[in-house]
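Okay, so here's the structure we're looking at.
Because the structure is predicted, anything quoted here is derived from the model rather than measured. Along the sequence shown, residues carry numbers from 1.
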Amino acid sequence: MNDERAINIKVKISVGNLYEFMMNNNYVSVRGVVSVLFSLVSAVGTVIFWNEFAGIQKALMLFMALLFTVIAPIEYYVRAMKQVKKNFKDEMEYIFDDSGITIRKDEESSSLKWNEVLKVINTKNLVVVYFTPIRAFIIPKSCIGDNFDELKALMEKSTNCYKFKMEK
């Protein structure tokens, strides 16, 4: 018989949580760094060569300078607002036990075995459990509360993922 208890965490994803996930997912990678560098180089080029550009060239250079540093983050925030209204308006429950992770929302539930977890990372306010390169369970650290150390120990013991980073 199993002597470990299940860890139940009730989660309500906010716009801020989803926005933090999207920003981390899109900017903490080689692609994200290159994107920001592209915008910064465009900004420097715009300033240096401003007087040499025609009107449309100035507009294009300004657009490229703002694309990944201003425009994309605003677009991610708007997308997060829409997704929270559509997909995260209700509270969800994550149940972690020796067999894996179960997520419940209303009358629906879905389970994931520990061997299906690709990676576990954290941001300032989130723990993110990836089960495909683009799909993940988002768990606000504020919802984990006193269960953090116990959850971390269970996940470290149970997963065999290629990346595991979970810190308070």
Side-chain angles (χ1 to χ4, degrees), residues 1-37 39 67-168:
M1 180 160 201
N2 187 353
D3 62 346
E4 289 196 34
R5 71 175 183 94
I7 302 169
N8 292 38
I9 300 173
K10 294 193 184 294
V11 172
K12 178 85 167 105
I13 301 293
S14 69
V15 172
N17 296 145
L18 192 55
Y19 178 68
E20 182 176 338
F21 168 75
M22 290 173 140
M23 290 294 287
N24 185 73
N25 207 36
N26 288 294
Y27 283 102
V28 181
S29 66
V30 172
R31 182 190 69 189
V33 171
V34 169
S35 298
V36 171
L37 286 175
S39 281
L67 183 60
F68 297 108
T69 55
V70 177
I71 296 169
I74 291 171
E75 189 248 334
Y76 294 145
Y77 190 82
V78 170
R79 193 183 312 167
M81 288 189 321
K82 289 178 183 177
Q83 284 189 8
V84 165
K85 284 182 183 178
K86 182 180 177 185
N87 300 319
F88 298 106
K89 58 185 170 197
D90 299 321
E91 185 177 74
M92 297 175 288
E93 180 180 18
Y94 291 105
I95 303 161
F96 300 87
D97 59 28
D98 284 336
S99 63
I101 307 167
T102 301
I103 183 170
R104 288 189 191 147
K105 183 177 173 185
D106 299 325
E107 299 300 316
E108 299 177 28
S109 79
S110 177
S111 293
L112 177 72
K113 301 272 186 230
W114 287 117
N115 64 355
E116 297 175 78
V117 174
L118 292 181
K119 67 180 176 177
V120 177
I121 63 162
N122 69 186
T123 65
K124 181 180 178 188
N125 300 303
L126 306 171
V127 172
V128 184
V129 180
Y130 284 88
F131 53 98
T132 74
I134 58 172
R135 296 193 67 213
F137 292 147
I138 302 168
I139 310 162
K141 289 180 180 176
S142 61
C143 296
I144 299 172
D146 294 337
N147 293 318
F148 192 91
D149 293 329
E150 187 179 0
L151 179 61
K152 180 180 179 182
L154 175 63
M155 292 174 80
E156 278 181 318
K157 175 186 81 154
S158 303
T159 62
N160 192 18
C161 49
Y162 75 91
K163 183 175 184 180
F164 187 93
K165 182 182 176 195
M166 188 171 165
E167 300 167 357
K168 283 188 180 177

Review point. So with a 6.0 Å cut-off around CG of Asp90, is the heavy-atom count from everything else above 12?
Key: yes
Point to revise | Separation of Arg104 CZ from Asp106 CG (nearest 0.5 Å) | key: 12.5 Å
Practice item. Could you grab the distance from atom CE of Met92 to atom SG of Cys143, nearest 0.5 Å is fine? Key: 9.0 Å
Review point. How are the rings of Tyr19 and Tyr77 set relative to one another: parallel (under 30°), tilted (30 to 60°) or perpendicular (over 60°)?
Key: perpendicular
Point to revise | Verdict with supporting geometry, Met166 and Leu151, side-chain contact (heavy atoms from CB on, under 4.5 Å) | key: CA-CA 10 Å; Met166 188 171 165; Leu151 179 61; 3.9 Å; yes
Review point. Among Ile13, Val127, Asn125, which one satisfies side-chain contact (heavy atoms from CB on, under 4.5 Å) with Pro140?
Key: Ile13
Revision key, fill the gap. Interatomic distance, CZ@Phe164 vs CD@Glu156, rounded to 0.5 Å, equals 4.5 Å
Check your understanding: Measuring from Ile101:CD1 to Ile95:CD1, what's the distance to the nearest 0.5 Å?
Key -> 11.0 Å
Exercise for review: For residues Thr102 and Ser111, determine if any side-chain heavy atom of one lies less than 4.5 Å from a side-chain heavy atom of the other.
Suggested key: yes
Check your understanding: If we only count heavy atoms from C-beta on, is the Asn17 to Leu126 side-chain gap below 4.5 Å?
Key -> yes
**Study point:** Asn115 atom CG: more than 12 heavy-atom contacts under 6.0 Å
**Key:** yes
Review point. Is it the case that more than 12 heavy atoms not belonging to Lys105 sit under 6.0 Å from its NZ atom?
Key: yes
Point to revise | Distance (rounded to the nearest 0.5 Å) between Thr123 OG1 and Asn24 CG | key: 6.0 Å
Exercise for review: Verify side-chain contact (heavy atoms from CB on, under 4.5 Å) between Phe96 and Asn8, making sure each step is shown before the conclusion.
Suggested key: CA-CA 6 Å; Phe96 300 87; Asn8 292 38; over 6 Å; no
Check your understanding: Around atom NZ of Lys12, are there more than 12 heavy atoms of other residues, nucleotides or ligands at under 6.0 Å?
Key -> yes
**Study point:** Check: Glu167 main-chain N/O paired with Lys141 side-chain donor or acceptor under 3.5 Å
**Key:** yes
Check your understanding: How would you list, by chain and number, every residue that makes a side chain to side chain donor-acceptor pair (under 3.5 Å) with Thr159, sequence neighbours excluded?
Key -> none
Point to revise | For the student: nearest non-hydrogen atoms of Phe68 and Ser39, plus distance | key: N-OG, 3.1 Å
Practice item. Under the side-chain contact (heavy atoms from CB on, under 4.5 Å) rule, what do Trp114 and Leu154 come out as? Steps first, then yes or no, please. Key: CA-CA 10 Å; Trp114 287 117; Leu154 175 63; 4.1 Å; yes
Point to revise | Asn25 side chain to Tyr76 side chain, donor-acceptor N/O pair below 3.5 angstrom | key: no
Review point. Would Ile103 and Tyr94 count as a side-chain contact (heavy atoms from CB on, under 4.5 Å) if you check the C-alpha gap in whole Å, the side-chain angles of each, and the deciding distance to 0.1 Å?
Key: CA-CA 5 Å; Ile103 183 170; Tyr94 291 105; 3.4 Å; yes
Point to revise | Smallest separation among heavy atoms of Tyr27 and Pro73, with atom names | key: OH-CD, 3.7 Å
Check your understanding: Should Lys157 and Asp98 count as side-chain neighbours, where that means a heavy-atom distance under 4.5 Å?
Key -> yes
Review point. Roughly how far, to the nearest 0.5 Å, is the CD1 atom of Ile9 from the CZ atom of Phe137?
Key: 12.0 Å
